[in-house]
2 protein chains.
Amino acid sequence: MEDPWTGDAFNPACPTRTVLDRVGDRWTVLIIEALAAGPLRFGQLRERVGAITPKVLTASLRSLQRDGLIDRTAYAEVPPRVEYALTDLGLSLRTPVAALRTWAEQNVAAIVAHRTRDLDEAQGIGHV
Amino acid sequence: MEDPWTGDAFNPACPTRTVLDRVGDRWTVLIIEALAAGPLRFGQLRERVGAITPKVLTASLRSLQRDGLIDRTAYAEVPPRVEYALTDLGLSLRTPVAALRTWAEQNVAAIVAHRTRDLDEAQGIGHV
DNA sequence: CGGAATCCCGTGCGATACTG
DNA sequence: CAGTATCGCACGGGATTCCG
């Protein structure tokens, strides 16, 4: 139990896949990256992530919390204030997730170009 | 055009998000990792990835091909032989994706434990 | 062997509106 | 401010069957 058991992503029965699915969630990367710089409030998070509805943001945060990646702290004030912060586990996710985002940002042009080219070919452009 | 333009994942209008979605696909990580060691045939890929139906594997491969991450080579033989290999772009994805898989495999235990604990609390276990 | 075709279902996600 | 409540739907993905 205490010896850090390691999963196998290629084993269909291994829950490692569910962990990959979690990272694969549409908002996980953005939320982790947003919180990487420090705790944020709900509204701040909403602005930073951009184009996410409150419902979905709430659901994503609950899910991340459930997996132990973030902590939620509610302050009994008026008006209400709630802060979200990465846990140690969440902090450990910053590195791989940042690498992923960097890769995405650097290669988005190439990928979009490829998609467009394929579309053009499908439409017959280039060999008329 | 030729200066490597960099995206911004936090900009909702930036296609970088679609790139993140691609990596977030349930099978992308496994397929990239499987091909990281070298080209594989359809059937081999199926075995290696595990528990993926032909239809979904085909769809995933087409999608990856469309984004320029893998190449498909069909040999006109009997029986048919088709090989899939990473492109240069796909090769560049190995590093971040490997980091992600490693993280998932190393932290799956902690995450599952967290999920279970929350479930238990929801059922009242631990404070009866 | 490497798919394609068809049927089908859960659910992630979005839009809108309301509340403690 | 920080959510909840409802509605709705596209669609990713699975099971099954058949084809060149």
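Chain letters run A, B, ... following the sequence lines, proteins first, then strands; residues in each count from 1.
A/Leu20 has its CG atom 17 Å from the C1' atom of D/dG13, to the nearest Å. C/dC13 atom P lies 11 Å from atom CG of A/Asp21, rounded to whole Å. B/Glu77 has its CD atom 10 Å from the P atom of C/dG2, to the nearest Å. Rounded to a whole Å, the OH atom of B/Tyr84 is 8 Å from the P atom of C/dG2.
Distance alone, capped at 3.5 Å, places no donor-acceptor pair between the B/Thr16 side chain and the A/Val108 backbone. A donor-acceptor pair under 3.5 Å links the side-chain atoms of B/Gln44 to the main chain of B/Arg41, judged by distance alone.
A/Arg46 comes within 4.0 angstrom of nothing in the nucleic acid, heavy atoms only. Heavy atoms of B/Tyr75 sit nowhere under 4.0 angstrom from any nucleic acid atom.
A residue-by-residue look at A/Pro54 and A/Ala51 shows that A/Ala51 has its nearest nucleotide of DNA chain C further toward the 5' end.
For the pair A/Thr116/A/Val112, a side-chain contact is recorded, criterion being any heavy-atom separation below 4.5 Å from C-beta on.
Residue A/Lys55 places its side chain closer to C/dC13 than to any other of C/dG2, D/dA2, C/dC13.
A side-chain N or O of B/Thr18 and one of A/Arg115 form a donor-acceptor pair less than 3.5 Å apart.
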